[in-house]
Novice: 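I am attaching a structure below and will ask some questions about it afterwards.
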Number of protein chains: 2
Amino acid sequence: MLSNSSKYALKAVLYLALHTDEINKIMVKDISERINVPKAYIAKLLQELSKRKIISSTKGPKGGFYLNASNRNETIMQIIEVIDGKKKLESCILGLEDCNEQKPCPIHRLISPSRSKMITLLETKTINDLATDLELNKTFLPV
Amino acid sequence: MLSNSSKYALKAVLYLALHTDEINKIMVKDISERINVPKAYIAKLLQELSKRKIISSTKGPKGGFYLNASNRNETIMQIIEVIDGKKKLESCILGLEDCNEQKPCPIHRLISPSRSKMITLLETKTINDLATDLELNKTFLPV
DNA sequence: ATAAAAACATGATATTAATCATATTTAAGA
DNA sequence: TCTTAAATATGATTAATATCATGTTTTTAT
Ligand code: FES
Ligand code: FES
């Protein structure tokens, strides 16, 4: 469903949501340790997210990664899109070129409603929404 | 979501459902051509499915692969399980060791109901069900 | 100005999944 | 019973992901 890279990216961004802001930044070494993902690997992902303005960063001493208010309103899907590309979730489950109601493959109707629901949720929920759940201990983000 | 291998396997089994029985078998070379999957690749998958009794086969001249009545009542999920393993669909989308309601990850509640629905359907629908839809032109299986 | 600390850019290696190849076994038919 | 046509078993190669490494640029503080 999601690549390892997307999972890691999502974890990292949620960690940033809980522990950073414009004042309190965190560097890749610390993120890596806290979410238990290899430093060089998560660094590459964070750099990509930063380039696409999903997260923020500043170089140099006292620099690091963080989320600003605008970043917090990005949706889950935007992260997934940057890392995995959009088609991955929407493509035909049997690998048909294009997935639609007019010429559905044998399992299209079985999974399409559930999948659409899922996609809509991922497109709607923001980083902030998930961070709030975590803060209220409604959900958990183990290492 | 599904591996390439599972997709191919599913296509192949559906093709068998439409075009074979105990009398009329088909050999791997022909399946390969009709579903547009490399011969050596689909051969390996069919052999695995045959070993697990999801499909039937006989060796030697006039031999080939086919579905018997019992095969037709296998569910979609059984095919996926043989090829991909069950955990692939049920595992936590963030890669958490175990996915459950007690300690849900931040997106568990977003996707869990849809995913459960999907899994139930895959566990319920049989090869025969899908083949019937195809025969009635309710669904399509392009190459 | 300069040194140090951080992200950034780029590329190399390792692991896994996808694909291909081939020798062996089994069954049908002459 | 011998030849041939098929699946079967096993392994090799290739391609895609995941992982790691390192030099470059920017910024802060001396
Ligand atoms: S056509 Fe296959 S999932 Fe939509
Ligand atoms: S705990 Fe992550 S999807 Fe269930």
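Each chain gets a letter, A, B and so on, in the order the sequences are listed, and its residues count up from 1. Hydrogens, waters and symmetry mates play no part in the numbers below; they use all other heavy atoms, side chains included.
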Novice: May I ask you to list the residues of residues 55-73 of chain B, by number, that have any heavy atom positioned under 4.0 Å from an atom of DNA chain C?
Specialist: B:K59, B:G60, B:P61, B:K62
Novice: Quick one: salt bridge (Lys or Arg N to Asp or Glu O under 4.0 Å) partners of B:E81, sequence neighbours excluded?
Specialist: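 Counting only residues at least two positions away or on another chain, B:E81 forms a salt bridge (Lys or Arg N to Asp or Glu O under 4.0 Å) with B:K86.
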Novice: Using a strict cut-off of less than 4.0 Å between a Lys/Arg side-chain nitrogen and an Asp/Glu carboxylate oxygen, indicate whether B:K39 and B:E33 qualify as a salt bridge.
Specialist: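 Salt bridge between B:K39 and B:E33, a charged N being under 4.0 Å from a carboxylate O: no.
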Novice: Toward the 5' end of DNA chain C, which comes first, A:S50 or B:Y41, by nearest nucleotide?
Specialist: A:S50
Novice: Round to a whole Å and report the spacing from CD1 of B:I42 to P of C:dA18.
Specialist: 12 Å
Novice: Pull out every residue in residues 2-10 of chain B that has a heavy atom closer than 4.0 Å to any atom of DNA chain D, ordered by number, or say none.
Specialist: none
Novice: Considering only heavy atoms of chain A and a distance under 4.0 Å, specify the first and last nucleotide of DNA chain D in 5' to 3' order that meet this criterion.
Specialist: D:dA18 to D:dT28
Novice: Considering non-hydrogen atoms only, spot the tightest contact between A:I31 and A:A12 and give its length.
Specialist: CG2-CB, 4.2 Å
Novice: Looking at residues at least two apart in the chain, or sitting in another chain, which of them share a side chain to side chain donor-acceptor pair (under 3.5 Å) with B:N100?
Specialist: B:D98
Novice: Side-chain atoms of residues 13-23 of chain A: list all donor-acceptor pairs with protein atoms under 3.5 Å, sequence neighbours left out, distances to 0.1 Å.
Specialist:
unit_1	atom_1	unit_2	atom_2	d
A:Y15	OH	A:R34	NH1	3.2
A:H19	ND1	A:Y15	O	3.1
A:T20	OG1	A:L16	O	2.7
A:T20	OG1	A:L67	N	3.2
A:D21	OD1	A:I23	N	2.9
A:D21	OD1	A:N24	N	2.8

Novice: Are any of the side-chain heavy atoms of B:I127 and B:N71 separated by less than 4.5 Å?
Specialist: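 Contact flag for B:I127/B:N71 side chains = no.
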Novice: Show me the donor-acceptor pairs within less than 3.5 Å that the side chains of residues 44-54 of chain A make with the rest of the protein, sequence neighbours left out.
Specialist:
unit_1	atom_1	unit_2	atom_2	d
A:S50	OG	A:S57	OG	2.9

Novice: Pairs under 3.5 angstrom only: tabulate donor-acceptor contacts from the side chains of residues 112-119 of chain A to other protein residues two or more places apart or in another chain.
Specialist:
unit_1	atom_1	unit_2	atom_2	d
A:S112	OG	A:H108	NE2	3.4
A:R115	NH1	A:S91	O	2.7
A:S116	OG	A:S112	O	2.9

Novice: Step by step, work out the side chain to side chain contact (heavy atoms under 4.5 Å, CB included) result for B:L130 and B:L10.
Specialist: CA-CA 11 Å; B:L130 298 195; B:L10 214 37; 5.6 Å; no
Novice: How would you list, by chain and number, every residue that makes a salt bridge (Lys or Arg N to Asp or Glu O under 4.0 Å) with B:K59, sequence neighbours excluded?
Specialist: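 Salt bridge (Lys or Arg N to Asp or Glu O under 4.0 Å) list for B:K59, sorted by chain: empty.
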Novice: Would you mind reading off the distance between A:E48 atom CD and C:dG11 atom C1', rounded to a whole angstrom?
Specialist: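 Distance check: A:E48 CD to C:dG11 C1' gives 15 Å.
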Novice: Kindly write out the residues that satisfy ring pair (Phe, Tyr, Trp, His ring centres under 6.0 Å) with B:Y41, not counting sequence neighbours, or none if the list is empty.
Specialist: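 For B:Y41, the residues satisfying ring pair (Phe, Tyr, Trp, His ring centres under 6.0 Å) (neighbours in sequence not counted) are B:Y8.
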Novice: Specify the separation, in whole Å, of atom CG of B:N36 and atom C1' of C:dT19.
Specialist: 14 Å
Novice: For B:T126 and B:D129, test the side chains for any donor-to-acceptor distance below 3.5 angstrom and give the result as yes or no.
Specialist: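 Checked: B:T126/B:D129 side chains pair up, N/O donor to acceptor below 3.5 Å.
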Novice: Calculate the interatomic distance between A:L46 atom CG and C:dA7 atom C1'; express it in whole Å.
Specialist: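 Result: 10 Å.
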Novice: Looking at residues at least two apart in the chain, or sitting in another chain, which of them share a side chain to side chain donor-acceptor pair (under 3.5 Å) with A:D133?
Specialist: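 Applying side chain to side chain donor-acceptor pair (under 3.5 Å) to A:D133 gives none.
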Novice: Going by number, which of residues 21-31 of chain B have a non-hydrogen atom under 4.0 Å from DNA chain D?
Specialist: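 B:I26, B:M27, B:V28, in order of number.
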